[in-house]
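Residues: numbered from 1 along the sequence shown.
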Amino acid sequence: MAQIFNRDFTTAYLEKNQGRNFISDKRPNNRGVLIGRVIKIADNKLTLKTSEKISAGDQVEIWVKVGGRVTFTVENFHVDGDICTIETSNLRGVKIHDRAFKIFDARLDAEAKKYFNGEYQRKIFVDAQVTAKLNQPLTLTFTDIDGNVATASTEFIAEVAKNRPLNLDTLQKQIGRLGNSAFELRNLTADIDENIMVPISELNDVRRKVTDILEMQRLEQGTGIREQVTATDYRLPSKTYPLPSTSYPLLSTIAQVDSLEKIKAALKGGADAIIYGGENFNNRIVTTNELKNAVELVRSHGKEIYLATPRIVRNSEVAALEKSLTAADFDAIYIHNLATLSLAKKLTSAQIRTDFSLITFNVETINFLKNLGVEGVTLSPELNLTQIKNLAKISPLPVECIVHGNLELMISAYCAIGSFIGNIHEKPCEKVCHKNNFYLQDRKNILFPAVTDQFCRMHILNSKTLSMIEHRNNFEGVDRIRIDCRYMNVEETAQIVHAYKYGGSEIENFTRGHYFRGVTNVKEN
């Protein structure tokens, strides 16, 4: 494993939180195996003091102090004990004492290929019986070690030999050529007349026939010995769907926020409802008292409030989730997974809606969720506007779309901030994420916000803000549009919500997401 592809190794989370040692931060490709150091450079020749064997076809990489890596393939070389001299013209920047790594081992690669090319495939032993009589077809029978028996005959009728009569050696050679099949010939017995002839091509053909028959027998036998498991009989509904009979209210503007101050700002901006709870981007633990205060605040403005739940819920977090579900009388619960759906149905009587990460692309999914007790769905952000409108027309449930905010690209238990700045591989996290803003910078120098939630999970957000302000009135059939305000400040929350509710201008550095692109090969229904 170290030689084939190696970016160093980790025990992941099996022992502890590895921090910066969890991933390879030095290089994204194979680092290979350290095989020695440079001891001499002269006349396009590199001399290494080695700790590993070197063979023709190997690829060696020298880690130079300036300029990164120098790589070459070993062709002309000489070995004297642990000293290896290699001819190569690629020596730019290489210095004495630089380390040498073997990043490709030609012999190991050739040996490994034998396993997936079939050379080392585990074989099933078979015993063969051949009967060949003059003026009759030759018959071949295979019996495997499990007692399965397969028999086939040639179309050719054995005749008197003119040159080379059929013998046991010929049979052993041709019947034993089982190639890449699952079988290997163990014993062969034969009852053959003297001085008869059967063509080699006929022997090969009957061998293939018997092999195929025996393989089918073993496959059929295998289905009989497996434990039969009865699955839940769920069938997708008919492709023809009646239009929903329920008339949904006019488009509602919902704000998802993560502080009481933002609730006030969103209500001031004109939000019809508030989503609160779940993961926040300010690292605060949301207490049951805060949830109660949020409900009272929203209800005092005559609006509805919905509880957001976390995307990921570990066993140790279930108790806290249960407290959140029962903290107050919410108008609806947004769920990201079926386990949370089960809890919400058991603990509350609130309406249940799915959130964006419980992917909803088509009406089959919506019908399935409806049968589970869901009363509203958030459509996948990867659907385009045309697909959304077509789906909304036939959806048996009200649909919701996220139209504004920095969409989440990734959620991860691995936290780059804590690992590289908080030094959690050495000591308890210093929680630097509470004090500053952080970003991941890609190869094009684009900055992607890296934020952490109250569960110490890292969220990578889109570098650009999704914005459909200028198209807010183009969501025919959609019941609700959502503004994710968690990455906004209080002032931005009020301004953006007001812009969607009453009209406003476009923002800077924005994206339309998939609304006018979508994902190819997605059916609306």
Side-chain angles (χ1 to χ4, degrees), residues 12-13 20 22-25 28 254-258 275 277-283 308-314 334-337 340 354-361 377-385 387-388 400-422 432-434 436-469 481-489 492-493 496 507-522:
Y13 292 103
R20 67 186 306 169
F22 180 76
I23 65 171
S24 171
D25 61 299
I254 302 176
Q256 181 173 6
V257 298
D258 56 3
I275 299 177
E279 293 115 344
N280 59 57
F281 296 159
N282 51 32
N283 316 107
T309 58
R311 290 177 62 181
I312 297 172
V313 182
R314 299 181 186 273
Y334 279 76
I335 59 103
H336 284 278
N337 54 67
T340 303
T354 64
D355 216 325
F356 71 93
S357 69
L358 210 165
I359 307 299
T360 303
F361 264 122
V377 296
T378 303
L379 298 182
S380 168
E382 294 182 332
L383 287 170
N384 64 40
L385 194 54
Q387 292 166 337
I388 288 170
E400 178 175 326
C401 296
I402 300 175
V403 296
H404 200 100
N406 291 74
L407 294 184
E408 294 181 57
L409 305 180
M410 178 188 295
I411 180 172
S412 171
Y414 171 78
C415 177
I417 303 169
S419 296
F420 288 93
I421 302 176
V432 293
C433 57
H434 294 198
N436 297 289
N437 296 325
F438 295 92
Y439 305 85
L440 289 183
Q441 181 174 301
D442 70 4
R443 65 186 187 281
K444 297 181 179 179
N445 296 322
I446 296 175
L447 299 178
F448 293 80
V451 298
T452 56
D453 60 31
Q454 67 269 42
F455 307 104
C456 285
R457 289 190 271 267
M458 178 179 66
H459 301 249
I460 307 302
L461 308 183
N462 199 335
S463 60
K464 294 184 178 181
T465 302
L466 171 68
S467 177
M468 291 291 286
I469 287 180
I481 56 174
R482 186 196 312 181
I483 304 165
D484 188 345
C485 307
R486 289 176 297 168
Y487 194 61
M488 303 178 193
N489 59 36
E492 289 172 329
T493 298
I496 296 298
I507 65 169
E508 296 181 359
N509 192 32
F510 69 93
T511 175
R512 302 292 188 199
H514 289 280
Y515 278 108
F516 296 103
R517 293 184 290 131
V519 177
T520 59
N521 298 324
V522 175

Closest non-hydrogen atom pair, C433 against F438: CA-CE1, 3.8 Å
Donor-acceptor pair, side chain of D258 and main chain of E279, under 3.5 angstrom: no
Whether T354 side chain and I335 backbone form a donor-acceptor pair below 3.5 Å: no
Identified side-chain contact (heavy atoms from CB on, under 4.5 Å) counterpart of Q454 within the set N283, N280, N282: N280
Residue among D484, T511, L466, L461 satisfying side-chain contact (heavy atoms from CB on, under 4.5 Å) with L407: L466
From CA spacing to verdict: side-chain contact (heavy atoms from CB on, under 4.5 Å), Q256, I254: CA-CA 7 Å; Q256 181 173 6; I254 302 176; 6.0 Å; no
CA sep, side-chain torsions, deciding dist, call: I483, M488, side-chain contact (heavy atoms from CB on, under 4.5 Å): CA-CA 10 Å; I483 304 165; M488 303 178 193; 3.9 Å; yes
N/O donor-acceptor pair under 3.5 Å between Y515 side chain and S467 backbone: no
Value rounded to 0.5 Å, distance of NE2 in H434 from CG in N436: 11.5 Å
Atom pair CE (M468) and NE2 (H404), whose distance is rounded to the nearest 0.5 Å: 11.5 Å
Check: I275 main-chain N/O paired with R482 side-chain donor or acceptor under 3.5 Å: no
Partners passing side chain to side chain contact (heavy atoms under 4.5 Å, CB included) against I446 (at least two apart in sequence or in another chain): D442, K444, F448, S463
Value rounded to 0.5 Å, distance of CZ in F361 from CD in Q387: 8.0 Å
Heavy-atom check, side chain of I417 versus side chain of V432, under 4.5 Å: yes
Non-hydrogen atoms of A413 and R314 that approach each other most closely: CB-NH2, 3.5 Å
CG-CZ distance between D355 and R311, expressed to the nearest 0.5 angstrom: 9.0 Å
N462 side-chain N/O to N406 backbone N/O, donor-acceptor pair under 3.5 Å: no
From CD1 (I496) to SG (C485), nearest 0.5 Å: 8.0 Å
Ring geometry between H459 and F281 (parallel below 30°, tilted from 30 to 60°, perpendicular above 60°): tilted
Steps toward side-chain contact (heavy atoms from CB on, under 4.5 Å) verdict (H514, I388): CA-CA 11 Å; H514 289 280; I388 288 170; over 6 Å; no
Expected output: side-chain R486 to main-chain G405 donor-acceptor under 3.5 Å: no
